[in-house]
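Accompanying notes for the structure given below.
Keep in mind the model is a prediction, meaning the values are calculated, not measured.
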Amino acid sequence: MRYLVRLADRALRDMEAIYEFIHAEASENAFAWFNDLARKIHSLERFPERGAVIPESKKLRHLFFGKKGSTYRIIYALDKRHRVVSVLHIRHSARAPLSTKERKQL
């Protein structure tokens, strides 16, 4: 049985910012890359536990997407009881780990 994948408002804003940053509207390659990111996120419907638990919080998991230099972390929470994956944040992997303040905001 599949899980429901929900994107938090912050994750939606993150995706919009990534779309604009890579100029996906002006480049077929960037648009394809962005669509692959969306597919990776929605693949959590079938394989929600494949992401590793993140070092910053035992309650959250992450998947990496992209190649060296443009890798992003898809940070999500998994609710097995209700079969829901909540994508909370998408951030470039070169950024520092989540701060205590950022963890609380998620």
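Both Ile22 and Phe31 are assigned to one and the same hydrophobic cluster, defined by single-linkage of ILVMFWY side chains at heavy-atom distances under 4.5 Å.
In this structure a side-chain-to-backbone donor-acceptor pair under 3.5 Å is missing from Ser86 to Leu88. Side-chain atoms of Tyr76 come within 3.5 Å of backbone atoms of Gly51 as a donor-acceptor pair (strictly under, hydrogens ignored).
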Derivation of the side chain to side chain contact (heavy atoms under 4.5 Å, CB included) call for Ile54 and Leu98 = CA-CA 10 Å; Ile54 67 172; Leu98 293 172; 3.9 Å; yes

key: Phe65/Thr71 under side chain to side chain contact (heavy atoms under 4.5 Å, CB included): CA gap, chis, key distance, verdict   = CA-CA 5 Å; Phe65 174 78; Thr71 305; over 6 Å; no

key: Pair Leu60-His89, side chain to side chain contact (heavy atoms under 4.5 Å, CB included): steps then yes or no   = CA-CA 11 Å; Leu60 301 176; His89 187 31; over 6 Å; no

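Other residues, nucleotides and ligands contribute at most 12 non-hydrogen atoms within 6.0 Å of the CD atom of Glu28.
The structure places CG of Leu37 at 12.5 Å from OH of Tyr19, a figure rounded to the nearest 0.5 Å. For the atom pair CZ of Phe47 and OH of Tyr3, the computed distance is 12.5 Å after rounding to the nearest 0.5 Å. A distance of 6.5 Å separates CG of Leu63 from OG of Ser43, quoted to the nearest 0.5 Å.
With contacts defined as side-chain heavy-atom distances shorter than 4.5 Å, the pair Phe34/Met15 qualifies. Inter-residue side-chain proximity for Lys40 and Ile74 is flagged as met; some heavy-atom pair is nearer than 4.5 Å. Ile41 is listed as a side-chain neighbour of Ile90, based on a closest heavy-atom distance under 4.5 Å. A 4.5 Å side-chain heavy-atom check between Ser93 and Phe64 finds at least one atom pair inside the cut-off. Side-chain contact between Ile18 and Trp33 is present, with heavy atoms from C-beta onward closer than 4.5 Å.
Between Arg2 and Arg83, the shortest heavy-atom distance links the atoms O-NE, 3.8 Å. Closest non-hydrogen pair, Lys80 versus Glu49, comes out as NZ-OE1, 3.3 Å. Considering every non-hydrogen atom in both Ala24 and Ala30, the closest pair reads CA-CB, 3.8 Å.
The existence of a salt bridge linking Glu56 and Arg73 is confirmed by a sub-4.0 Å separation between a basic side-chain nitrogen and an acidic carboxylate oxygen.
Under the side-chain contact (heavy atoms from CB on, under 4.5 Å) test applied with Val85, the options Leu4, Leu7, Leu78 reduce to a single match, Leu78.
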